[in-house]
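All remarks here apply to the structure that follows.
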Amino acid sequence: MKRKDIEYTTVSEVAGPLMIVEGVKDVAYNEVVKIRTSYGEERTGQVLEAFENKAVVQVFEGTRGLDTKNTSARFIGETMKLGVSKDMVGRVFDGTGNPLDNAPPIIPEERRDVNGDPINPCAREYPREFIQTGISTIDGLNTLVRGQKLPIFSGSGLPHNELAAQIARQAKVLGKEEKFAVVFCAMGITSEEANLFIKDFENTGALERTVMFLNLADDPTIERIILPRMALTCAEYLAFDLNMHVLVILTDMTNYAESLREIAAAREEVPGRRGYPGYMYTDLAMNYERAGRIKGKKGSITQIPMLTMPDDDITHPIPDLTGYITEGQIVLERGLHKKSIYPPIAVLPCLSRLMDRGIGKDKTREDHAGVSNQLYAAYAEGCDLRDLVAIVGEDALSDRDRKFLQFADEFEKRFVSQGNHEDRSIEQTLTIAWELLSGLPVSELKKIDETYIKKYLPPVKEEK
């Protein structure tokens, strides 16, 4: 009898999302397990820990209804695999890879290990090409580059889901007719949020180029561990086999990390910071590092992980570790949200470490770098003056200071704030920036080359 035909009825314990099977032989880590319940239902699991004669299995559909007497387990001798095909584009899948859109299952071209293969660092191509999201604060100040990992840090109740949908709708590479796709992976969202995403993508036509993977809040939490791996396996097939440029949006990575913590607690592991497992950094990196470009391959994977910071704490382990692994961050601020500014992106703590390689002449525009630096400097000074006004009052400010104070207000109203269906080109973004900078004395524009000031700065309107 082949090993994959052996059915074990030696389940000794069921705890949380885990099941322990005794008396097993030749079982490997990450091996897939087919579980049969006492009433004939089949579920899927994966080996989390393998001992000489015992295996700890995580059950993806949850352990409700399992017992130690009548439950059986069969180890099939291979890891979790996803059937991939070009027909996945335009489809919606659940946390186990099955269709959610009432359409027939896809016929896979091949089946791939969802854990993927690490990209050899020597084979990586440096990200250099600009991706236009249509959002000024990202395109103008924290430019997204093809092959980059740029996370968005949000807080509970902030419109990060709306921002995710807007980026998925609007993202494009300029000047080139290339195959572009979006892989949208949502973990732990409500049914209402899932319906909003699907309807939004259908109504705007974005679904035609999107692959959606959805895990709902009432689905087993254990599925959240496997879902991003499925999404990235699909993205790797589209990018490196079909030569497509793929944008992967992962929301919400906090729900993913909470699932890791739940499993670690069920395994009675020694907890790390805030109860999260000590290997969370490694686990997050296994997902994030699957983005990038490979030499000799036309396709690419760009990744935008989104996460909610518990208590708006950017030093919390999830955003903290994510910031170490990725190339920058976009931070949403509650104060801007209270001012009814959308998207409420807090410009000053934001950063895109690869921005310099993706902007400039023949990529965005020659003046982009200088304009970006000047906007940062002027806005930072305006924010400092707000704090000063709270102490000494506006009457104590000089004319110069008042202009910077006014600049900060106008910058938030005109540059940061835009409609959630407003798709600004990089030219429009830079035009708004120059119009704002025209309100400052020319002598203060020290971070922009004089040639560009003469070329792009609009004439100052005289006050009547």
**OP:** Walk me through it: do D313 and R274 pass the test salt bridge (Lys or Arg N to Asp or Glu O under 4.0 Å)?
**Re:** CA-CA 13 Å; D313 180 12; R274 309 250 184 130; 3.0 Å; yes
Subject >> Salt bridge flag under 4.0 Å for residues D409 and R386 >> reply: yes
Original post:
Yes or no on salt bridge (Lys or Arg N to Asp or Glu O under 4.0 Å) for D139 and R424, after CA distance, side-chain angles and deciding distance?
Top reply: CA-CA 9 Å; D139 295 345; R424 293 179 184 170; over 6 Å; no
Original post:
Taking it one step at a time, do E129 and R146 satisfy salt bridge (Lys or Arg N to Asp or Glu O under 4.0 Å)?
Top reply: CA-CA 5 Å; E129 294 167 288; R146 185 185 282 173; 3.1 Å; yes
Subject >> Any side-chain heavy-atom pair of V371 and I448 under 4.5 Å >> reply: yes
**OP:** With sequence neighbours left out, write down each residue that passes side-chain hydrogen bond (donor to acceptor under 3.5 Å, both in side chains) with R267, or none if nothing qualifies.
**Re:** E49, E269
Subject >> Within 6.0 angstrom of Y279 OH, more than 12 heavy atoms from elsewhere >> reply: yes
Subject >> Between T308 and D252, a side-chain donor and acceptor under 3.5 Å >> reply: yes
**OP:** Output yes when K297 and E236 qualify as a salt bridge under the 4.0 Å nitrogen-oxygen rule, no when they do not.
**Re:** no
Original post:
Between atom CD1 of I345 and atom CG of L336, what is the distance when rounded to the nearest 0.5 Å?
Top reply: 9.5 Å
**OP:** Give me the ring orientation class for F407 and F411: parallel if the planes are under 30° apart, tilted from 30 to 60°, perpendicular past 60°.
**Re:** parallel
Subject >> Any donor-acceptor pair under 3.5 Å from N203 side chain to K199 backbone >> reply: yes
**OP:** Evaluate the ring planes of H316 and Y276, with Trp represented by its six-membered ring, and classify them as parallel (under 30°), tilted (30 to 60°) or perpendicular (over 60°).
**Re:** perpendicular
Subject >> Geometric cation-pi criterion R357 and Y126, 6.0 Å radius, 45° cone >> reply: yes
Original post:
Backbone N or O of G299 within a donor-acceptor pair of the K179 side chain at under 3.5 Å?
Top reply: no
Subject >> Option from D395, D401, L405 for which side chain to side chain contact (heavy atoms under 4.5 Å, CB included) with V389 holds >> reply: L405
Original post:
Is there a donor-acceptor pair closer than 3.5 Å between any side-chain N or O of Q132 and the backbone N or O of I426?
Top reply: yes
**OP:** Sequence neighbours left out, what passes side chain to side chain contact (heavy atoms under 4.5 Å, CB included) with A291? Give chain and number order.
**Re:** K149, I301, Q303
**OP:** With the side chain counted from C-beta on, respond yes when F415 and V347 share a heavy-atom pair under 4.5 Å apart, and no when they do not.
**Re:** no
Subject >> Passing option when L163 is tested against I304, I152, T133, T251 for side chain to side chain contact (heavy atoms under 4.5 Å, CB included) >> reply: I152
Original post:
Okay, side chain of T221, backbone of S259: is any donor-acceptor separation there less than 3.5 Å?
Top reply: no
Original post:
Under 3.5 Å, is there a donor-acceptor pair linking the side chains of E162 and N420?
Top reply: no
Original post:
Is it the case that E422 and Y342 place a side-chain donor and acceptor less than 3.5 Å from each other?
Top reply: no
**OP:** Output, in order, the C-alpha distance, side-chain angles, deciding distance and verdict of salt bridge (Lys or Arg N to Asp or Glu O under 4.0 Å) for D283 and R229.
**Re:** CA-CA 11 Å; D283 195 283; R229 289 171 167 79; 3.4 Å; yes
**OP:** Any chance you could measure I359, atom CD1, to H368, atom NE2, to the nearest 0.5 Å?
**Re:** 4.5 Å
Subject >> Donor-acceptor contact present, side-chain E109 to main-chain S85, <3.5 Å >> reply: no
Original post:
When you check the gap from the basic side-chain N to the acidic O, do E381 and K446 get nearer than 4.0 Å?
Top reply: no
Original post:
Does D399 reach the side chain of R402, with side-chain heavy atoms less than 4.5 Å apart?
Top reply: yes
Subject >> Between CG on residue N255 and CG on residue N215, distance to nearest 0.5 Å >> reply: 8.0 Å
Original post:
Are the side chain of E327 and the backbone of S352 linked by a donor-acceptor contact shorter than 3.5 Å?
Top reply: no
**OP:** Measure from the side-chain N and O atoms of Q329 to the backbone N and O of P349, and report whether any donor-acceptor pair falls under 3.5 Å.
**Re:** yes
Subject >> Within-4.5 Å side-chain heavy-atom neighbours: M306 and S154 >> reply: no
**OP:** Starting at OG1 of T143, measure out to CZ of F130 and round the result to the nearest 0.5 Å.
**Re:** 6.0 Å
Subject >> Donor-acceptor contact below 3.5 Å, side chain T322 vs main chain P319 >> reply: no
Original post:
Measuring from I131:CD1 to I138:CD1, what's the distance to the nearest 0.5 Å?
Top reply: 11.0 Å
Original post:
In Å, rounded to the nearest 0.5 Å, how long is the span from CD of E412 to CG of L436?
Top reply: 11.0 Å
**OP:** Could you check R353 against T326 for side-chain hydrogen bond (donor to acceptor under 3.5 Å, both in side chains), going step by step and ending with a plain yes or no?
**Re:** CA-CA 9 Å; R353 295 190 181 99; T326 54; 5.2 Å; no
Original post:
In a check of ring pair (Phe, Tyr, Trp, His ring centres under 6.0 Å) between F184 and each of F93, F197, F213, which one passes?
Top reply: F197
**OP:** May I ask you to decide if S156's main-chain N or O and R334's side chain share a donor-acceptor pair within less than 3.5 Å?
**Re:** yes
Subject >> N/O donor-acceptor pair under 3.5 Å between N142 side chain and L351 backbone >> reply: yes
